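None of the values given here were measured: they were computed from a predicted structure. All chains are named by letter (A, B, ...) in the order of the sequence lines, taking the proteins before the strands, and each is independently numbered beginning at 1.
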Amino acid sequence: MAFQQELTRWYLANKRNLPWRHTQDPYVIWLSEIILQQTRVEQGLPYFNRFLEAYPAVSDFAAASETEILKLWQGLGYYSRGRNMLFTARQIMDLYDGVFPVSYKDLIKLKGVGEYTAAAISSFSSGEAKAVLDGNVFRVLARYFGISTPINSTAGKKQFSELAQSLIDQEDPALYNQAIMEFGALQCKPKSPDCEVCPLVLSCYAKNNKLIPVLPVKLKTVKVKTRYINYFICEQDNTVLVNKRILEDIWQHLYDFPRIETAAEAAVNHEEFTQEVKQKFGADVIIRPLMEMKHLLTHQIIYVQFFALDNYIVNFNMSTEANWVTWPDLDQLPQPKILTKFINFYFNK
DNA sequence: AATACGGGGAA
DNA sequence: TTCCCAGTATT
């Protein structure tokens with residue numbers, strides 16, 4: 001039996017029951033696809049349900065505020081996805097009269113929609129025969145056909161893209177796209193795939209040549225950088241000083257506390273650090289260390305220290321928007337995971 | 001072509 | 001620890 005038929009047969013017998021598979025509504029599919037970018041199904045699922053409940057149609061999404069969207073997005077990461085979605089939702093109301101596009105050609109123009117997502121939405125919502133190419137597809141194709149071109153190289157993307165497009169089932173592209181991705185996610189897993197029960201095992205190049213641990217090949221990527229962020233808790237009349245990250249690197253448009261970033265671990269007995277704090281919060285400031293945390297991102301290791309300040313003066317020019325808010329109000333604002341963790345600990349939750 | 005952008009789960 | 005997840009935008 002052909003590669004495609006084996007995949008769809010396997011899919012029909014083994015697929016998970018996922019909510020976005022019961023619709024052809026391009027808005028709902030868009031919602032699911034953006035949420036699932038670089039995100040496991042189990043992690044994205046609750047977010048999908050909450051978003052769909054809050055915004056049943058693209059018009060509802062477009063009417064929301066950015067803070068609302070980011071608050072719902074909190075904890076999911078890659079926050080530009082949420083901001084781009086709001087931009088796109090509003091654009092669809094304005095330019096497309098609220099009608100969500102379904103063709104690859106139109107979808108690819110939308111902010112936050114790249115080749116993968118345009119192929120996914122167009123095939124699932126309108127049956128357009130555009131092959132999806134995500135991490136799962138790369139892996140299945142690399143192993144089955146024995147392709148060792150690095151998947152994150154320009155040549156590799158071209159080669160895999162052409163192969164994927166040549167394989168897509170013209171009769172039911174949606175079914176085939178779903179099938180190959182689900183197969184990669186559940187069966188042809190990155191580590192220890194279930195080759196014993198694989199319907200394609202006899203014709204799998206990687207399996208026959210002991211290349212399962214080698215394929216797909218991926219070029220070594222970025223060095224992780226280490227940084228040290230020191231947060232200051234300034235309380236006053238049941239409020240705390242918070243800061244909106246406007247032009248910052250990570251966590252754009254989320255809220256955190258005033259901070260000083262240092263080149264190394266900061267310490268209260270370190271002259272340079274205390275001088276910098278005094279420069280910012282006044283010479284009489286008292287610095288009380290609260291706790292240290294380590295926060296891991298894909299590309300950064302962040303050592304975070306929290307300090308409580310007393311006798312401070314807030315007369316400095318904060319580079320970003322600063323506000324006094326109550327703790328319950330801060331809870332309503334979108335914030336980085338590390339802050340949520342700290343606040344929970346701080347209040348002994 | 002390379003880098004930035006989160007957070008979590010599996011081995 | 002290391003890898004990588006239903007990737008995209010920017011440099």
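With hydrogens and angles ignored, the 3.5 Å screen pairs a side-chain donor or acceptor of A/Gln74 with a backbone N or O of A/Gln335. Panel note: side chain A/Gln252, backbone A/Tyr79; no donor-acceptor pair is recorded below 3.5 Å. Side chain of A/Trp73 to main chain of A/Gly77: a donor-acceptor pair is present (N/O by atom type, distance under 3.5 Å, no hydrogens or angles). Side-chain N or O atoms of A/Ser103 include one that pairs as donor or acceptor with a backbone N or O of A/Asp106 at under 3.5 Å.
Among the protein residues, A/Ser153 comes within range of no part of the nucleic acid, since none of its heavy atoms lies under 4.0 Å from any strand. Nucleic acid contact class of A/Trp73 (heavy atoms, under 4.0 Å, all strands): none. If you check every strand for non-hydrogen atoms under 4.0 Å, A/Arg16 touches nothing. A/Lys111 comes within contact range of the sugar-phosphate backbone alone, with a heavy-atom separation under 4.0 Å but no base atom that close. A/Val113 comes within 4.0 angstrom of the backbone, heavy atoms only, and of no base.
For the pair A/Arg83 CZ and C/dT8 P, the interatomic distance rounds to 17 Å; values are reported in whole Å. Rounded to whole Å, the distance from CG on A/Leu219 to P on C/dT2 is 18 Å. C/dG7 atom P lies 13 Å from atom NZ of A/Lys157, rounded to whole Å. Between A/Ile121 atom CD1 and C/dA6 atom C1' there is a gap of 11 Å when expressed in whole angstrom units. Distance A/Glu42 CD to C/dA6 C1': 11 Å, rounded to the nearest Å. Atom-to-atom, CD of A/Glu115 to C1' of C/dA6 comes out at 15 Å; the value is rounded to the nearest Å. Remark: P of C/dA6 and OH of A/Tyr11 are 13 Å apart, rounded to the nearest angstrom. Distance A/Ile35 CD1 to C/dG7 P: 13 Å, rounded to the nearest Å.
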Identify all pairs in which a protein N or O lies below 3.5 Å from an N or O of nucleotides 5-8 of chain B, and state each distance.
| residue | atom | partner | partner atom | Å |
| --- | --- | --- | --- | --- |
| B/dC5 | OP1 | A/Asp249 | O | 2.9 |
| B/dC5 | OP2 | A/Gln300 | NE2 | 3.4 |
| B/dC5 | N3 | A/Tyr78 | OH | 3.3 |
| B/dG6 | OP1 | A/Tyr79 | N | 3.1 |
| B/dG6 | OP2 | A/Trp251 | N | 2.9 |
| B/dG6 | O4' | A/Tyr78 | N | 2.9 |
| B/dG6 | N7 | A/Tyr78 | OH | 3.3 |
| B/dG6 | N7 | A/Thr298 | OG1 | 2.9 |
| B/dG6 | O6 | A/Tyr78 | OH | 3.1 |
| B/dG6 | N1 | A/Gln38 | O | 3.1 |
| B/dG6 | N2 | A/Gln38 | O | 3.4 |
| B/dG6 | N2 | A/Thr39 | OG1 | 3.3 |
| B/dG6 | N2 | A/Leu76 | O | 3.1 |
| B/dG7 | OP1 | A/Tyr79 | OH | 2.9 |
| B/dG7 | OP1 | A/Lys337 | N | 3.2 |
| B/dG7 | OP2 | A/Trp251 | NE1 | 3.2 |
| B/dG7 | OP2 | A/His295 | NE2 | 2.6 |
| B/dG7 | O6 | A/Thr298 | OG1 | 2.9 |
| B/dG7 | N2 | A/Gln43 | OE1 | 3.4 |
| B/dG8 | OP1 | A/Lys337 | NZ | 3.2 |
| B/dG8 | N2 | A/Arg40 | NE | 3.3 |
| B/dG8 | N2 | A/Arg40 | NH2 | 3.0 |

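Between A/Asp249 and A/Arg227 a salt bridge is recorded (basic side-chain N to carboxylate O distance below 4.0 Å). Salt bridge status for A/Glu276 with A/Lys280: absent, with no side-chain N to carboxylate O gap under 4.0 Å. Comment: A/Arg21 engages A/Glu182 in a salt bridge, judged by a side-chain N to carboxylate O separation of less than 4.0 angstrom.
Residues from residues 180-188 of chain A that place a heavy atom under 4.0 Å from any atom of DNA chain C, listed by number: A/Met181.
Here ring-ring contact (aromatic ring centres under 6.0 Å, His included) pairs that include residues 192-220 of chain A, with residues two or more places apart or in two chains, number zero.
B/dG6 and C/dT10 have their P atoms separated by 14 Å, given to the nearest Å. Separation of the P atoms belonging to C/dA6 and B/dA10 is 12 Å when rounded to the nearest angstrom.
Judged by the 6.0 Å and 45° rule, A/Arg50 forms a cation-pi pair with A/Tyr47.
In this structure, A/Gly112 and A/Gln178 both approach DNA chain C, and ranking their closest nucleotides by distance from the 5' end singles out A/Gln178.
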Before giving the answer on ring pair (Phe, Tyr, Trp, His ring centres under 6.0 Å), spell out for A/Tyr346 and A/Phe306 the whole-Å C-alpha distance, their side-chain angles and the decisive distance to 0.1 Å.
CA-CA 10 Å; A/Tyr346 191 59; A/Phe306 291 91; 8.8 Å; no
